[in-house]
Every structure is written in C-alpha cells, then in structure tokens.
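Have a look at the structure below before the remarks.
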Amino acid sequence: MEATYRTYGIEIDGQDSGEIRTICPECSPKRRPEHRYEKDLTVNIDKGVWFCQHCGWRGSLLEEKTETVIFKPIPSIAKPSINKESKLYSFFQKRGISPEVVDRNGIGQATVYVGAAQGKQWCIVYPMTIGAEVYNEKYRAEVYNEKSKKTEKCFQHPKGATLIMYKLNDIMFEDECIITEGFEDALAFEEAGFKNAISVPNGAPQPGNEGKDLALKYIDNSYPYLKHIKKFYLAVDNDEPGRRLKEELARRLGKSKCYVIQYPEDCKDANEILQKHGASGIQKCLSWAVPWPVEGVFEISVVDIEIEKIFQQGLPKGVSCGLTSELDDKYKLFPGMLTVVTGIPNHGKSPFVDNICVN
Ligand SMILES: [Zn+2]
C-alpha cells in the first residue's frame, strides 16, 4: 500500500498543493500542554516532504522514510543584543550582513573562556540548530597574538557537542544548496538572497592536520539532511586548504552533483565578494559555477587550436611506409597511431611489419 500523510500521523486537512503548517505527530505528545497544538510541522505537499521546526523530524513520502534527530541538544549561551549599534551588529554590518540576517539566525554574544587567550573573552555565538534545538555553537573571538603581534580570530565549540553543518534548517525543502567554508560566507549568500547556503563547522583542514580534519565527521552527522539535495555548489576559499576541502566534499557528496563556484580575482571568499561587489557579485558567481570536471572529458576550448589546424590544413599527411605507392595512397603512419595487422597465418604479416620498421 502506498504511504500517505496519514501513515505518518500527519494531518493535512485535504490540501493538495503548496506548503502548510500542521501539528507535529512526533514531538507534540511529548510537549507541555500549552505547546501541544502548535503548528510546527511544515509540509511541502508538492514535494511530499515535511520538516518540524521544533524537533527537527524530517520525512519524505516518496522515500517512505523519516529522520529523527539523534544528537543530544545543548543549552545555548547566545545572548541577543538589543542595541542595533552594538559591537555584535557592527561586526556584521562591516561585512555587509544586515541585522535581519543576524537575528534570523539567532546569532548572539557571550563571554566565554577562550583557550588561545587563556582567559574570558567577548565572543560572537552562532547557534547550530536542527529545528528549534541547538546541537552545537561556534564561538568567535579575537585574540592578540604575542608572537605575530597581530589580533587573530579564533574559534571554539563547546566540549562534547556534535559537529554538524551550520544553517541546516534552511535546506530542508531545497533541491540545491551552497556549501561555504565559513559561517560569515553562508550569511553573505543569505544576504544576497540565497538562504540555501550552509557552512562546514570548522573551516578547511590546516596543513599538518589533514588526517584529523579530513575525517569530516560532520558530513556523516548531517547526511540525513543533505541526501535529498540534487546539486551542491562548493564555495570554498581560493587557497590550498580550501582546495583540499573542496576535493574531500566532492568525493563524499558525489562529484556528479557538485558545481564549483569561481571567485573574481580580487576576492578570496563569498563575504569579500559581498563587500566589494554587492549582491549582484554573489549572483554572478553562482551563475559562473562550473560542473565538477569529469576525468577524460574536455571542454572544446582546450582542444580548439588543434581542431582549427585540421580545419585549415586538413588531416596530417603522415609518413610513407616506403613499400609501394599504392599502399601509400591507402595507408600512412602517424605518431601516436595504433595499427593492428591481422590476416591468415603464414601470409606475411610479420615480414610486412618488419619491412615498415626497417624503412
Ligand atoms: Zn516535531
């Protein structure tokens, strides 16, 4: 029997298209009485998929499969900032990211013990959620480095929290998604109108740490929420660690589904594009994305000079075998050409090849 919404306990009130909000059968019985009738389950009836904004329960009629989040949630320490002129908002404003995008993603601030500073420090806190639950957070601090005499950014996650991709909630109903190397890059895409951008949680693998970093455990953790995606745009930095991350992501997600985003010469990441070229710069980058190159398949542009030469000068003339002019009319030798000589035994194949070799 074909699965229907009823099979999963979902009530769609006879709707047959569009997106509706309804009660989540997965979490509502476990919630407090006053929240039990909240319509947190979004159902996209055209695609036959649903996602609960509260508990993160996701499912698909077509796949006849549901996914319940199995990780342990953590208490968030992100405190919102009321003043739009505050340090928090101005950090993002300088990067071209508006207070609306900051608020929509629940980004806050906190004072946290930062290992690199060996003390408590003001941090930006990015909650990493599935549904309404926070499963991890990223703390971003700026620490003065005595050795390099520079202020450097550093990142931390709470101990023991599950590593997942950032902004997963925004791709639950999407067919395409953009994967960035940094959280601010994913927010830059959102600012430019592409909410379906997610970020890896801990950047690109640093030299010397590839083995550990390339384990990419967060892909396994996030995979139930990525597997419906048909097209991934990889938007990683234009440097060596970025290239390694790109290779590994493509290998894991399937090269045939991956497109590579090209940056303008003067930019190293998406946030820089937003600052220098605005939303239209980001849109252009997406439209310039190229499919992951398939081994042995070339663009015409790579061989166009050779093709043009054949068109102008005809096929190469080849070299005479030095036997008879009748043979030369029919057969000549070219560098790189493979010839297979076949025939009845003892009819002179070997002497024929020997003669050509000697000539
Ligand atoms: Zn739910």
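Read the numbers this way: they start at 1 and go in the same order the structure lists the ligands and their atoms. The residues of the chain are indexed from 1 along the displayed sequence.
- Using a 4.0 Å cut-off between charged nitrogen and carboxylate oxygen, Arg21 and Glu19 do not count as a salt-bridge pair.
- Counting only heavy atoms from C-beta outward, the side chains of Cys177 and Ile198 approach each other to under 4.5 Å.
- Ion pairing of Arg6 with Glu11 is present here, as a side-chain N (NZ or NE/NH1/NH2) and a carboxylate O approach within less than 4.0 Å.
- By the criterion of a separation under 2.8 Å, the protein N/O/S atoms near the Zn ion (ligand 1) amount to Cys24 SG, Cys27 SG, Cys52 SG, Cys55 SG.
- Looking at Glu240 and Arg243, a side-chain N of the basic residue comes within less than 4.0 Å of a carboxylate O on the acidic one, giving a salt bridge.
- Sorted by first and then second residue, the ring-ring contact (aromatic ring centres under 6.0 Å, His included) pairs involving residues 252-290 (not counting sequence neighbours) are Tyr233-Tyr259.
- Side-chain contact check for Met165 versus Ile179: some heavy-atom pair is nearer than 4.5 Å.
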